[in-house]
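Basis for what follows: all heavy atoms, side chains included, without hydrogens, waters or symmetry-related copies.
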Amino acid sequence: MGKPLPSGATIAVVGAGIIGASAAFVLAERGYKVTLIDRAEPGRSGPSFGNAGHVVGSAIHPLAEPGIALDGLRMLANPDAPLKIPAAYLGRIAPWLWRFWRSSTGSAYQQSRTALTALNAGAVDETEALFARAGMSEKLKRAPALYLYESEASWRTSLSGWADRDRAGLVSTQVDAAEIRRLEPDLAPIFIHGMLSQEWAIVTDPFEIVTRLVAAAQRLGVALERGRVSAIQPTGERVSLGIDSATRTYDAVLVTAGVWSRDLAKTLEEYLPVEAERGYNVTYSSAPVGIQRPLVLADRGVVATALSPGLRIGGWTELGGINLPPNPARWAKMRAISAAILPGIETAPAVEWMGHRPSMPDSVPVISRSLRHPAVFYAVGHGHYGLSYAAKTARLVGELIGDAADIRLAAHGMIRFNRP
Ligand SMILES: Cc1cc2nc3c(=O)[nH]c(=O)nc-3n(C[C@H](O)[C@H](O)[C@H](O)COP(=O)(O)OP(=O)(O)OC[C@H]3O[C@@H](n4cnc5c(N)ncnc54)[C@H](O)[C@@H]3O)c2cc1C
């Protein structure tokens with residue numbers, strides 16, 4: 001275990017997505033001299049750019065739930081199901097899938113549930129507080145999400161999850177088909193059950209949020225640098241980074257490079273099993289129909305949000321790594337789903353996007369000190385909920401680096417995947 005890093009020390013944050021931008025801001029608040037490094041414009045190249053904009057306060061279930069192996073096989077056999085694995089990537093993803101399956105059983109599953117329930121608690125409040133400190137309160141709006149069910153079977157399957165949320169103190173309200181039509185008059189009349197999940201908010205535009213957080217961090221003295229980090233090297237008690245053709249040394253380094261963090265950890269001989277869950281969406285900038293609140297289309301693995309760039313509809317999981325090109329058939333499917341749920345949208349022009357969610361096999365993000373060097377830290381693997389957990393993660397990173405809160409954060413440790 002390391003010692004608390006004193007205020008005034010230098011920290012390099014590698015990766016300016018939503019996690020790196022939030023962490024840089026909070027570390028600057030704690031009095032560190034922070035350099036935020038990205039190979040691209042902050043927020044532009046990763047999933048932080050085009051996600052659905054939901055700040056979810058009720059995401060207490062890991063993706064790897066008991067029975068997922070069978071459900072997964074069923075989904076892979078169904079062209080309309082939200083899970084896909086390209087044949088070209090099957091061999092590469094097998095070790096991750098093995099860990100994913102092991103996480104879905106027995107005490108491993110319970111541990112992930114407990115860690116996510118704790119991470120989730122107060123996530124919306126902390127986002128609100130971070131946005132206020134960064135001078136951007138107007139970019140977040142509290143709005144209960146409406147979960148929608150098209151069949152009795154999917155509604156019944158969902159009930160145990162709602163009971164879990166209830167036990168966790170998360171308030172939800174059941175709505176019937178008539179109430180759904182009143183709440184969302186533009187939706188097709190195909191939904192027979194709904195649930196309003198109260199602990200929820202949306203942002204105006206995920207990319208704008210990163211941009212604004214980086215600007216707020218710069219006002220606190222954070223230096224923004226453009227460059228590709230290729231290696232992390234211990235240099236005594238300090239840490240050196242290879243940045244393009246230069247080498248620079250810092251008192252500490254925080255890796256927040258999303259799914260690309262795996263290769264950076266490798267340069268330190270550390271194993272970080274973060275995989276890309278590729279998600280697809282379409283954004284209608286001038287849709288002739290609209291929605292009034294964030295929607296979760298439970299039967300289709302898709303969410304919908306009214307954002308400032310337009311009405312965004314998308315989701316799905318394609319376990320295809322970072323190098324394969326996007327599959328245009330997925331966008332065609334998102335357009336078909338959009339038309340099925342919102343008649344009238346068929347011919348509206350839409351911008352297509354695909355992003356790589358950085359996902360851990362147990363759905364629990366790594367917020368941890370490296371086991372190889374006490375001045376290297378990771379905040380990686382937020383999967384489907386990086387925007388939702390960014391504010392809380394930034395606080396926890398501050399406590400990890402500034403207060404050496406390693407023991408309190410044990411559930412997020414690198415030790416899950418590496419021997420000390
Ligand atoms: C379709 C879709 C919908 C989603 N919807 C939501 C939602 O509604 N709510 C929610 O909470 N989450 C959502 N997510 C998930 C969320 O977008 C991610 O969890 C989050 O953006 C991850 O942020 P990050 O900062 O960890 O990574 P990234 O956004 O990937 O940022 C990593 C940064 O690191 C930089 N980088 C990488 N390698 C290097 C290097 N070697 N040197 C320098 N820089 C480097 C990259 O350029 C990038 O800017 C969604 C994701 C998708 C795909």
Side-chain angles (χ1 to χ4, degrees), residues 47 59-79 81-117 119 157 161 255 257-280 301 315-324 327 330 354-368 370-372 378-386 389 409-420:
I60 60 174
H61 297 98
L63 227 54
E65 291 211 86
I68 188 71
L70 204 58
D71 288 351
L73 287 173
R74 271 195 216 110
M75 278 195 263
L76 288 173
N78 175 359
L83 174 67
K84 300 279 171 268
I85 306 183
Y89 202 67
L90 207 49
R92 292 284 308 276
I93 192 76
W96 188 92
L97 283 176
W98 167 248
R99 282 179 183 275
F100 180 76
W101 173 74
R102 279 205 334 219
S103 308
S104 71
T105 59
S107 62
Y109 172 72
Q110 284 310 331
Q111 274 169 24
S112 311
R113 263 282 296 276
T114 305
L116 287 181
T117 304
L119 185 62
T157 306
V255 178
V259 72
W260 299 276
S261 306
R262 183 170 60 179
D263 288 345
L264 288 173
K266 222 185 268 173
T267 67
L268 207 57
E269 294 178 9
E270 202 147 38
Y271 179 51
L272 181 62
V274 56
E275 259 298 340
E277 269 192 71
R278 294 146 53 110
Y280 290 77
W316 283 28
T317 282
E318 184 182 58
L319 294 169
I322 50 179
N323 295 322
L324 293 178
N327 181 341
R330 311 276 180 258
M354 185 271 280
H356 301 89
R357 303 181 190 93
S359 295
M360 307 309 296
D362 56 5
S363 300
V364 179
V366 169
I367 306 170
S368 173
S370 156
L371 303 178
R372 300 278 172 266
Y378 297 96
V380 174
H382 292 73
H384 289 237
Y385 299 110
Y389 295 152
L409 286 169
H412 295 275
M414 278 295 262
I415 199 146
R416 283 179 288 163
F417 313 111
N418 294 266
R419 292 215 176 82

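- Scanning both residues, His382 and Ile367, for their nearest heavy atoms gives NE2-CD1, 4.5 Å.
- For Arg113, the salt bridge (charged side-chain N to carboxylate O under 4.0 Å, His left out) partners two or more places apart in sequence, or in a different chain, are Asp164.
- In this structure, the side chain of Arg372 engages the main chain of Glu269 through a donor-acceptor pair within 3.5 Å.
- The side-chain contact (heavy atoms from CB on, under 4.5 Å) search around Thr267 returns Ala231, Ile232, not counting sequence neighbours.
- Remark: Arg74 engages Asp71 in a side chain to side chain donor-acceptor pair (under 3.5 Å) (not counting sequence neighbours).
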For residues 357-366, run the donor-acceptor check on the side chains, cut-off 3.5 Å, and write out each pair with its distance to 0.1 Å, sequence neighbours left out.
| unit_1 | atom_1 | unit_2 | atom_2 | d |
| --- | --- | --- | --- | --- |
| Arg357 | NH1 | Glu277 | O | 3.4 |
| Arg357 | NH1 | Trp316 | O | 2.9 |
| Arg357 | NH2 | Trp316 | O | 3.0 |
| Ser359 | OG | Glu277 | OE2 | 2.7 |
| Asp362 | OD1 | Val364 | N | 3.1 |
| Asp362 | OD1 | Arg416 | NH1 | 3.0 |
| Asp362 | OD2 | Arg416 | NH1 | 2.5 |
| Ser363 | OG | Leu63 | N | 2.9 |

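- In this structure, NZ on Lys266 lies 9.5 Å from OH on Tyr271, to the nearest 0.5 angstrom.
- Of the possible donor and acceptor atoms, none in the side chain of Ser261 sits under 3.5 Å from a partner among the backbone N and O of Val255.
- Qualifying side chain to side chain donor-acceptor pair (under 3.5 Å) partners for Arg330, counting only residues two or more places apart in sequence or in other chains: Glu318.
- Evaluation of the ring-ring contact (aromatic ring centres under 6.0 Å, His included) rule for His384 yields no partner, not counting sequence neighbours.
- Take Arg102 and apply the salt bridge (charged side-chain N to carboxylate O under 4.0 Å, His left out) test, not counting sequence neighbours, and it matches no residue.
- Contact record, Asn327 with Tyr280: N-OH, 2.9 Å, taken as the closest heavy-atom pair.
- By the side chain to side chain donor-acceptor pair (under 3.5 Å) test, Glu270 is found to be paired with Ser370, Tyr378, residues two or more places apart in sequence or in another chain being considered.
- The CD1 atom of Ile322 sits 6.5 Å away from atom CZ of Arg262, with the distance rounded to the nearest 0.5 Å.
- Legend: residues meeting ring-ring contact (aromatic ring centres under 6.0 Å, His included) with Phe100, ordered by chain and number and at least two apart, are Trp96.
- Under the rule for a side-chain contact (heavy atoms from CB on, under 4.5 Å), the partners of Ser104 that lie at least two apart in sequence or sit in another chain are Ala64, Ile68, Trp101.
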Only distances under 3.5 Å count here; give the side-chain donor-acceptor pairs of residues 82-95 to other protein atoms, sequence neighbours excluded, each with its distance to 0.1 Å.
| unit_1 | atom_1 | unit_2 | atom_2 | d |
| --- | --- | --- | --- | --- |
| Lys84 | NZ | Asn78 | O | 3.4 |
| Lys84 | NZ | Pro79 | O | 3.4 |
| Lys84 | NZ | Ala81 | O | 2.8 |
| Tyr89 | OH | Glu275 | OE1 | 3.2 |
| Tyr89 | OH | Glu275 | OE2 | 3.0 |

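- Contact detail for Val259 and Ala276: the closest heavy-atom pair is CG2-N, 3.5 Å.
- Scanning for side chain to side chain donor-acceptor pair (under 3.5 Å) contacts around Asn418 gives an empty result, with sequence neighbours left out.
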